[in-house]
Structures are given as C-alpha cells and as structure tokens.
Amino acid sequence: MAKTATQREREYAGLRAAREYKNYINGRWVASSSGKTFENRNPADSEDLIGTFQESNADDLHAAVDAAHHAFNPWRLTPAPRRGEFLYRVGEVLRRDKEKIAREMTREMGKVLAETRGDVQEAIDMAYLMAGEGRRLFGVTTPSELPNKFNMAVRMPLGVAGLITPWNFPIAIPAWKSMAALICGNTVVIKPASLTPLSVIMLAEAFEEAGLPAGVFNVVTGGGREVGEPMLKHPKIAVISFTGSTEVGREISVACAPQFKHVHLEMGGKNIIMVMEDADLDLAVDGALWGAFGTAGQRCTAASRIVVHRKVHDQFVEKLAARTRKLRVGNGLDPNVDMGPNISASQIKTVEKYVKIGKDEGATVVAGGSALTNGPYAKGHFHEPTIFAGVKPDMRIAQEEIFGPVTSIMQCNSVEEAIAIGNGVKYGLSSSIYTRDVNKAFLAMRDMYTGIFYVNAPTIGAEVHLPFGGTKQTGNGHREAGVAGIDVFSEWKSIYVDYSGSLQRAQIDTE
Ligand code: UN1
C-alpha cells in the first residue's frame with residue numbers, strides 16, 4: 001500500500017524544510033564558485049528532498065585549504081587543554097540536539113532512529129574523549145645514556161588534515177577523524193560523502209556554535225573527482241584520512257605517494273561470527289541478527305559471515321531464519337521498523353547481483369532473497385534481510401564485501417577450522433566467537449588476525465576509546481579512535497637537552 005499523506009507528514013514532522021546548504025569555509029557559509037548544486041533525497045522515500053548542496057570544485061577546495069592553512073599556526077599554539085574545551089562544547093551541543101540530529105540523519109541515511117541516536121552518541125563520546133585528551137597527549141620521558149642530559153619525545157601536529165568520510169556513519173566517523181585531528185593541533189577540511197552531506201553540515205553547525213576559530217574546521221561538499229582528488233594532490237594538506245572501499249583506498253594511497261603525504265585508510269571488511277557447539281544459541285542468534293542486519297548490513301564491521309559448528313548448525317540456521325523473517329523493514333523514522341533502506345539504488349543493484357551470484361554458486365537462500373519494490377517500498381531502496389546457508393568458504397559471497405543485508409552461513413567441525421575459515425579472506429576488520437569454553441575463546445582471541453575481536457558479542461559495537469581498524473586489505477597499519485587515533489594526526493619529535501656544559505657524544509662517550 002502506498003503511504004498516505006498523513007503518514008508522511010507524521011514521519012517528517014519537525015524536520016528541516018528542504019533548502020540550499022552552503023560550504024563552511026573560514027567560519028562562513030559560502031556558495032561554490034561552480035554555481036552548481038546537487039540534490040540529496042531520503043533513501044526510504046525519493047519524494048522527500050533533504051536539500052540541495054554545493055557541487056564544489058577544486059577552487060572551493062583550495063579556498064578551504066588556504067583558510068585551514070592560515071588558521072593552523074594560531075590553533076597549533078592554542079594550549080591543548082583550551083582546544084579540548086572547544087571539543088567539550090561541541091559535545092554539549094550535540095548532546096542537547098541529539099534527537100533532532102538523529103531524526104535528520106535517519107531521514108538522510110535511512111538507518112533506524114535507535115541507530116542514528118547511537119551514531120550521534122558516538123560523536124558525543126569522541127568529543128568528550130578528545131576534550132580530555134587535551135590534558136594528556138602523553139609523550140615519553142626516558143633516561144639518557146649520558147649524565148646531565150634529559151630525553152623526551154613529544155607529539156606535534158602535522159598541519160592541514162584532509163578528511164574523506166563515508167555515508168554509513170555520517171556524524172560518528174567525521175567526529176572520530178576531525179576531533180582527533182583538532183586536539184593534536186591540526187586544522188581540517190572535510191569532504192563528506194555526497195549521500196549524507198547534511199550530517200556533516202550539522203556537525204559544522206555544532207563547531208560554529210561552540211565558537212571554534214574561523215578556518216579551523218571546514219566542509220566542502222561535492223564529488224570525489226572534483227573535491228577529493230584535488231585534496232590528495234594539494235601540497236598544503238599534510239595528512240589524508242579516508243574511510244570507504246578498498247578500491248578507492250588503493251587509489252588514494254597511490255595518489256598520495258608522490259608527496260609522501262601521510263595516509264590513514266579504513267576500508268572493507270568480511271567479518272565473521274563463529275558459533276561453537278557449546279554456545280548459548282539464543283544469545284548467538286540475537287548477536288547474528290544485530291551484527292548482520294543492523295544498519296541494513298551497511299557497516300564495515302557487519303557480520304557478513306557466520307560459521308557454525310555442525311552439531312548446532314541446523315538448529316542455529318532455523319532459529320536465525322525464523323527471527324530474520326520477522327524483521328520489519330521500512331522507513332527508519334517509523335518506530336515499528338527494525339531495518340531501514342539501503343543507501344541508494346546502485347547499492348540495491350550490488351546486493352541483487354550478489355544474491356544471484358550466491359544462488360549460481362549453489363548456496364541456498366533460507367530467508368529473504370529479494371529487493372522490496374511494491375507499495376510502501378516503491379519510492380525507496382529496500383531489500384529483504386537475506387541469509388544464505390550451505391555456503392562454502394571460497395564462494396564469492398563468503399569472500400567479497402557486499403555492504404547490504406546479506407549474510408552467509410558456513411559449517412565447521414572445530415574451533416581451529418572456524419579460525420582458518422575466519423582468517424581466510426583478504427580483509428581483517430572484526431570477528432567474534434560465541435562459546436562458553438574459556439579455552440576456545442582465548443584460542444580464537446589469539447589467532448584471529450583481525451583488528452577487533454569480540455567474545456559472546458557480534459562483530460559490531462566498537463567503543464570510541466579503543467583503537468578501531470583492521471589488518472590486511474582493511475587498513476594500512478593505522479587505527480582510529482582511542483590513543484591510536486592521535487597517532488594518525490601527530491608526529492613524534494625526540495628532544496635531547498644536554499645540561500652538562502660539555503660535548504657529550506652519544507654511543508661514544510658512554511664507556
Ligand atoms: C563502520 O562500520 O564503518 O563498531 C563503523 C561499530 C560502530 C562503528 C562502525 N561503532 O559497528
């Protein structure tokens with residue numbers, strides 16, 4: 001059934017009227033010199049226009065980098081605890097407006113309200129964490145090998161940070177990156193995903209209200225080719241931090257190499273839940289449902305693979321399929337909905353392509369399997385939550401990132417086999433085990449080569465004060481969040497202070 005006008009009104013009540021949004025450069029809201037804008041529409045309802053956004057070009061990007069470069073020195077010299085106070089105030093603004101921002105984000109990105117509230121909360125958590133970090137930013141002091149000499153290592157900022165952020169965590173990830181960059185004393189230019197620019201604009205509004213000095217935080221909306229690429233080449237950008245696909249990450253890495261720009265990449269995942277024969281099965285089913293279909297499977301950390309011990313396999317599949325069939329799909333603003341739309345028509349095409357691949361490879365669909373296109377779904381990008389069983393570890397659906405509501409169930413005979421299957425992909429972001437056997441839990445904890453590991457919990461649910469990121473083709477050796485996030489946005493300077501009054505030669509005058 002098509003939505004009635006009143007249903008629509010109720011869903012969008014209290015939300016912003018569509019208008020033209022500007023770039024945020026040097027503390028001012030400015031139009032692109034291109035004179036062009038692009039539209040952003042609700043993925044659950046294409047009739048709902050969120051707004052129009054600047055279709056920026058390289059000139060706009062250059063203006064933002066100039067502003068950020070100009071603002072760098074005074075910001076760098078602002079004491080870090082003072083910088084932290086700005087972040088604290090941003091956290092307070094986000095906390096006050098959490099509900100409003102979450103509703104706008106659901107409308108822009110699609111995921112259900114509970115999840116967009118969580119997304120804003122993750123930004124608030126990061127604001128408070130990095131505000132506190134302003135009074136730490138710990139370095140190292142250590143004895144010298146020579147007498148009357150003092151050794152230490154301190155962190156210094158890099159300069160202008162270029163941040164390229166994704167649509168699946170539209171405020172949390174821009175907050176992770178920008179707040180870590182800012183507390184270290186860098187200034188930032190963000191290019192948000194074109195599918196979720198409003199969320200980053202709302203973050204910029206919070207920075208503006210917090211009174212951040214002009215030029216310290218800048219937002220330029222627009223395409224990857226027009227805004228992203230000039231960022232990679234700009235000599236005044238010292239570090240790029242990117243979250244997105246492995247393919248784009250590779251291009252970024254190559255483009256940054258000639259200038260030896262620092263690059264931090266957070267890319268794909270093919271995360272696994274391992275369910276052992278002694279697991280609390282209902283708990284594992286709860287976790288699998290949330291891990292696989294939370295955010296409609298559009299998390300880097302989504303549980304897109306599940307391997308189950310053969311002794312409990314059939315029972316697990318049956319329970320998970322039954323629960324999955326009951327999930328209510330629809331507009332994320334509707335409180336009765338469990339799973340929202342996918343972000344775009346092209347994402348749905350990808351999901352459909354993989355469902356076909358899975359069937360052709362001989363796996364069996366035990367729940368879902370189709371896009372939803374009729375009645376209330378006609379104007380959005382919806383797909384049923386889908387489970388494949390009978391999956392073999394080398395099938396494409398068990399190897400490649402789908403980024404949609406599809407999970408693949410495999411069988412194993414032991415924890416060792418589960419670990420081998422778990423590690424048998426090119427990604428290494430997140431993994432988890434359900435077991436009541438402490439020995440199995442510790443074995444998997446040691447041997448899973450992923451950046452994140454959970455025991456008796458799904459593959460999603462990272463907290464901001466621990467490192468976030470992955471091994472192999474998920475990342476390039478860096479992490480964000482926690483203290484590890486500080487490492488991306490700072491450089492070490494080792495300092496030796498010789499107060500002996502004479503020449504002392506390291507390694508030579510030590511005997
Ligand atoms: C992502 O999927 O890109 O652990 C980020 C989680 C969230 C963050 C996910 N806290 O799933």
Side-chain angles (χ1 to χ4, degrees), residues 94 102 105 109-112 114-129 163-180 190 192-193 195-196 199-200 203 241-246 248-249 264-273 286-305 339-340 342-343 347 401-407 427-432 448 450-471 473-476 478-482 484-485 488:
L94 295 176
M105 195 195 295
M109 186 275 166
K111 61 187 175 184
V112 296
E115 294 188 33
T116 49
R117 288 185 191 120
D119 196 306
V120 183
Q121 187 58 46
E122 209 158 337
I124 297 168
D125 294 344
M126 190 53 102
Y128 293 157
L129 175 71
L163 313 179
I164 303 175
T165 58
W167 49 262
N168 66 337
F169 277 80
I171 280 198
I173 293 179
W176 292 359
K177 294 185 192 301
S178 63
M179 291 170 180
I190 304 191
L195 292 161
T196 54
S199 295
V200 173
L203 182 62
S241 177
F242 163 81
T243 298
S245 72
T246 297
V248 175
H264 159 240
L265 304 170
E266 287 296 337
M267 302 174 286
K270 193 70 189 175
N271 316 291
I272 192 163
I273 294 179
D286 279 346
L289 203 69
W290 171 228
F293 304 124
T295 326
Q298 302 169 114
R299 293 194 189 211
C300 316
T301 50
S304 53
R305 297 184 296 155
M339 192 183 97
N342 281 78
I343 190 71
Q347 205 73 25
E401 185 173 49
I402 302 174
F403 227 65
V406 182
T407 194
Y427 301 111
L429 183 53
S430 181
S431 56
S432 98
M448 280 309 299
T450 54
I452 305 171
F453 184 75
Y454 294 91
V455 179
N456 292 329
T459 53
I460 68 180
E463 302 175 23
V464 298
H465 48 306
L466 273 78
F468 180 95
T471 62
Q473 292 193 23
T474 293
N476 63 339
H478 299 283
R479 295 289 186 272
E480 60 192 333
V488 170

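All heavy atoms count here, side chains included; hydrogens, waters and symmetry mates do not. Just so you know, ligand 1 is whichever comes first in the structure, and atom 1 is the first atom listed for that ligand.
For the pair Thr301 and ligand 1, the shortest N or O to N or O distance falls below 3.5 Å. Geometrically, ligand 1 and Trp176 share no nitrogen or oxygen pair separated by less than 3.5 Å.
Residues Thr450 and Asn271 fail the side-chain proximity criterion, which asks for heavy atoms closer than 4.5 Å. Between Ile343 and Met109, some side-chain heavy-atom pair lies under the 4.5 Å cut-off. When side chains are defined from C-beta on, Leu94 counts as touching Leu203, because their heavy atoms get closer than 4.5 Å.
A cation-pi arrangement, defined by a distance under 6.0 Å to the six-membered ring centre and an angle within 45 degrees of its axis, is present between Lys111 and Phe169.
Less than 4.0 angstrom separates some heavy atom of Ile173 from each of these atoms of ligand 1: 3 (O). Less than 4.0 angstrom separates some heavy atom of Asn168 from each of these atoms of ligand 1: 1 (C), 2 (O), 3 (O). Of all the atoms in ligand 1, the ones that sit under 4.0 Å from a non-hydrogen atom of Ile460 are 4 (O), 11 (O). When each atom of ligand 1 is checked for a heavy atom of Gly461 under 4.0 Å away, the hits are 4 (O), 6 (C), 11 (O).
When atom types are taken as modelled, the side chain of Ser304 and the backbone of Lys270 share no donor-acceptor pair closer than 3.5 angstrom. Checked by atom type and distance alone, the side chain of Ser430 pairs as donor or acceptor with a backbone atom of Thr459 at under 3.5 Å.
Closest protein heavy atom to atom 4 (O) of ligand 1: Ala462 N, 2.7 Å. Counting only heavy atoms of the protein, atom 9 (C) of ligand 1 lies nearest to Phe169 CE1, 3.5 Å. Ranking protein heavy atoms by distance to atom 1 (C) of ligand 1, first place goes to Cys300 SG, 3.5 Å. Looking only at heavy atoms of the protein, atom 10 (N) of ligand 1 is closest to Glu122 OE2, 3.0 Å. The protein heavy-atom contact nearest to atom 7 (C) of ligand 1 is Arg299 NH1, 3.6 Å.
In this structure, a donor-acceptor pair under 3.5 Å is absent between the side chains of Glu480 and His478.
Here the straight-line distance linking atom CD1 of Ile452 with atom CD of Glu463 works out to 11.0 Å at 0.5 Å rounding.
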